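Taking it in order: structure first as structure tokens, then the write-up.
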Amino acid sequence: MVTLVAGMQVIATAGHTGHGKSALVQALTRMVPGGLSEERPRNAPAGLGHAWLTLPSGDHLAFIDVPGHERFVAAVAAAVGQVPAVLFVVAADQGWQAQSAGHLAVIDALGISRGLLVVTRADLADPGPVLAEASELVAASSLGQVEALAVSAVTGQGMAALASALARLAERLPAPDAGAPVRIWLDGAFAVADSGAVMTGTLPAGTVRLGDELVITPSMRPVRVQGIQNLGEPVAKLAGPARAWLGLRGVSHERLGPGMALVQPGRWTLTDVIDVRLGAADAERADAGRADAGPGGAPRLPRTVTLLAGGARMVARTRLLSGRIARLSWREPIPLHVGDRVLLRDQAVRGAVVLDVAPPPLSRRGAGTSSAADLESWPDLPLASDLLRRHGLLRASALLAMGISEHPEPVTGEWLADPGYWADLAGRLAEAVTAAVGREPPAPGLTVEAARVAVGLPERRLVDALVRPPLRRRDGLILLTAPLTAPRPAGATQQLSAAATAAVRILLADLANAPFASPDADRLRRLGLDLQAIAAAGRAGLLLRISDQIVLAPGADALAGRILAGLPQPFTAAEARQAMRTTRRVAIPLLEFLDRAGVTQRLPDDRRRVVSPPAG
Ligand SMILES: Nc1nc2c(ncn2[C@@H]2O[C@H](COP(=O)(O)OP(=O)(O)O)[C@@H](O)[C@H]2O)c(=O)[nH]1
Ligand SMILES: [Mg+2]
């Protein structure tokens with residue numbers, strides 16, 4: 001038995017009904033599209049036709065031929081959306097028609113860039129004028145300049161040239177990724193004796209093997225692949241791109257219908273709301289060509305549109321968020337990835353690139369606009385860094401289900417974080433702990449759960465991952481202990497008497513619980529710390545001397561800077577005092593200290609702003 005597996009490519013036909021698409025595919029493949037008994041038993045619903053030819057290279061080229069009665073753009077979009085190339089057909093004797101334009105708009109909106117233009121029925125009329133007109137229209141679409149040929153499926157004229165043009169096209173098509181996640185939009189379903197339910201569809205990439213467990217969307221019902229056919233023969237595995245014929249256990253064919261997909265579990269986000277970047281609608285493209293049309297106008301978007309995504313078709317509500325960024329929502333969830341292309345249809349057809357398949361809710365006023373403004377600069381294939389910038393934190397598995405497998409190192413477990421957001425969280429945790437220990441009566445620290453709630457994190461392990469100096473974890477509590485600033489060399493303490501060193505330790509213990517509660521003069525006197533001892537402790541880095549009267553623990557300045565950076569800018573001394581939970585006696589000299597250090601800047605109206613928040 002020959003086990004050499006030949007490669008396969010799949011292309012779709014498009015063009016006006018009755019222009020000879022099926023006759024062309026039939027002449028090329030010498031099969032009746034959709035007429036294979038294995039694929040279309042008598043009681044099978046009329047699905048998309050399937051036929052293939054063998055290229056000189058030995059590879060196979062399969063065609064998706066939308067049935068003749070299918071005038072709906074949705075069916076064409078579903079077929080064309082699965083493949084990288086199209087065979088665009090126009091009849092020589094009938095010329096460019098409404099559906100020709102409609103199908104080309106779909107191809108253009110999906111951004112398909114490879115294909116052939118075939119003017120068929122060339123035995124019935126001079127193909128010259130139609131070739132010229134159609135070439136020009138096709139050239140203005142995403143297809144651009146494609147090879148154009150005149151043929152007759154009846155006389156065979158031009159068919160050999162078409163076969164070699166197809167071979168050249170197939171060679172230029174992208175190399176398939178056998179490891180890609182599987183998603184097959186169902187385009188036919190029926191029952192076959194022994195095989196149970198059978199579904200057909202196009203496998204654009206990835207591999208399906210006998211025994212694989214996949215799920216049907218939107219029910220997420222698990223099914224097992226118990227039969228696969230390729231080119232009419234049973235096989236053990238099928239790698240995309242290919243037409244798929246799959247026998248499934250776990251579902252009856254009556255439960256399979258249009259809009260459903262067979263997907264690899266865990267690799268797709270089942271969603272009913274997405275953020276997209278809109279392409280131009282055909283009307284706008286025409287406008288853009290006019291001299292009087294202003295550039296960059298906001299797209300006119302109806303409140304509801306028909307959304308075509310893969311094989312699914314639904315009514316979606318729209319909301320324009322910013323520029324060309326829109327949020328779409330609908331009822332029945334479908335499996336999507338970021339980077340997927342979808343179509344919006346009302347009077348015109350408009351393509352859109354899916355940027356976020358799990359967008360954050362638009363709760364606050366203006367939240368949509370600020371978050372969407374960033375989306376405008378995203379690439380068509382968003383990266384982990386783009387999604388993390390928007391979401392802050394994401395599980396690696398959630399990112400994988402969005403279609404992104406490359407990501408930075410997790411901060412803990414499978415959690416990924418945006419670096420800026422993570423630093424911000426660390427600051428917020430320090431503030432939450434500081435606030436807790438500064439409270440009356442003072443608390444030794446915060447429990448991990450209280451800290452999780454205070455900072456608004458989904459899991460406690462994230463709190464643990466955020467604990468770093470000056471925070472420390474002990475006995476289920478997060479404490480503020482270690483000095484914020486780097487300690488000076490140990491030798492420096494030698495200038496202090498043993499008594500003064502002990503007194504400083506006592507002070508630091510007080511300050512650990514209330515970092516801005518500088519001891520008052522009485523307390524310092526009782527501890528035996530005079531100005532000289534305080535100055536020596538300051539030089540040794542054991543205490544932070546704010547003024548002769550005010551001493552704090554080392555690092556209190558950095559902590560103050562972070563707390564102040566979290567305030568609405570600019571802020572008053574009273575607001576700063578409240579945020580630091582301290583007194584005016586401490587707050588004013590501390591602010592002046594921070595001014596001197598360049599952390600804060602005092603404005604003419606006496607308010608301040610943080611100019612360089614401390615690191616850490
Ligand atoms: N004379 C002639 N008739 C053709 C040719 N190609 C298709 N036809 C006829 O045109 C009609 C429509 O063809 P069909 O393939 O069903 O068109 P489709 O709707 O685009 O698939 C049929 O009656 C075909 O026999 C051709 O090259 N020459
Ligand atoms: Mg047809």
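Please read these numbers as outputs of a predicted model, since none were measured by experiment. Just so you know, ligand 1 is whichever comes first in the structure, and atom 1 is the first atom listed for that ligand.
- Listed by atom number, the atoms of ligand 1 under 4.0 Å from T120 heavy atoms are 27 (O).
- Per-residue contacts place A153 under 4.0 angstrom from the following atoms of ligand 1 (heavy atoms of the residue considered): 6 (N), 26 (C), 27 (O).
- Per-residue contacts place D123 under 4.0 angstrom from the following atoms of ligand 1 (heavy atoms of the residue considered): 1 (N), 2 (C), 26 (C), 27 (O), 28 (N).
- Contact atoms of ligand 1 toward H19: 17 (O), 20 (O) (distance under 4.0 Å to a heavy atom of the residue).
- Backbone and side-chain nitrogen or oxygen atoms of G18 are examined, and one is located within less than 3.5 angstrom of a nitrogen or oxygen of ligand 1.
- Residue contacts with ligand 1 for D65 are absent, since no atom lies close enough (heavy atoms, distance under 4.0 Å).
- Residue contact check: L124 has heavy atoms under 4.0 Å from atoms 1 (N), 2 (C) of ligand 1.
- Residue-to-ligand polar distances keep T17 apart from ligand 1: every N/O pair is separated by 3.5 Å or more.
- For ligand 1, the polar-atom distance check against G20 finds a nitrogen or oxygen pair separated by under 3.5 Å.
- Residue contact check: A23 has heavy atoms under 4.0 Å from atoms 6 (N), 7 (C), 15 (O) of ligand 1.
- A side-chain contact (heavy atoms from CB on, under 4.5 Å) with V10 is found for exactly one of L203, I64, L173, L61, namely I64.
- Here R300 does not pair with D346 in a salt bridge; the nearest charged N to carboxylate O distance is not below 4.0 Å.
- When the side-chain contact (heavy atoms from CB on, under 4.5 Å) test is applied to S164, the partners found at least two apart in sequence or on another chain are R168.
- Between the H19 side chain and the V90 main chain, no donor and acceptor come within less than 3.5 Å of each other.
- Heavy-atom contacts from other residues, nucleotides or ligands closer than 6.0 Å to CZ of R277 number more than 12.
- Of the charged side-chain nitrogens involved, none lies within less than 4.0 Å of a carboxylate oxygen, so that R317 and D272 do not count as a salt-bridged pair.
- Listed by number with element, the atoms of ligand 1 under 4.0 angstrom from any heavy atom of S22 are 15 (O), 18 (P), 21 (O).
- Contact annotation: for H16 versus ligand 1, heavy atoms closer than 4.0 Å belong to the backbone alone.
- A donor-acceptor contact shorter than 3.5 Å links the side chain of K21 to the backbone of G15.
- The Mg ion (ligand 2) has no N, O or S atom of T17 closer than 2.8 Å.
- Scanning for ring-ring contact (aromatic ring centres under 6.0 Å, His included) contacts around W268 gives H337, with sequence neighbours left out.
- Under 4.0 Å is where a charged nitrogen must lie from a carboxylate oxygen, and between R389 and D374 at least one such pair does.
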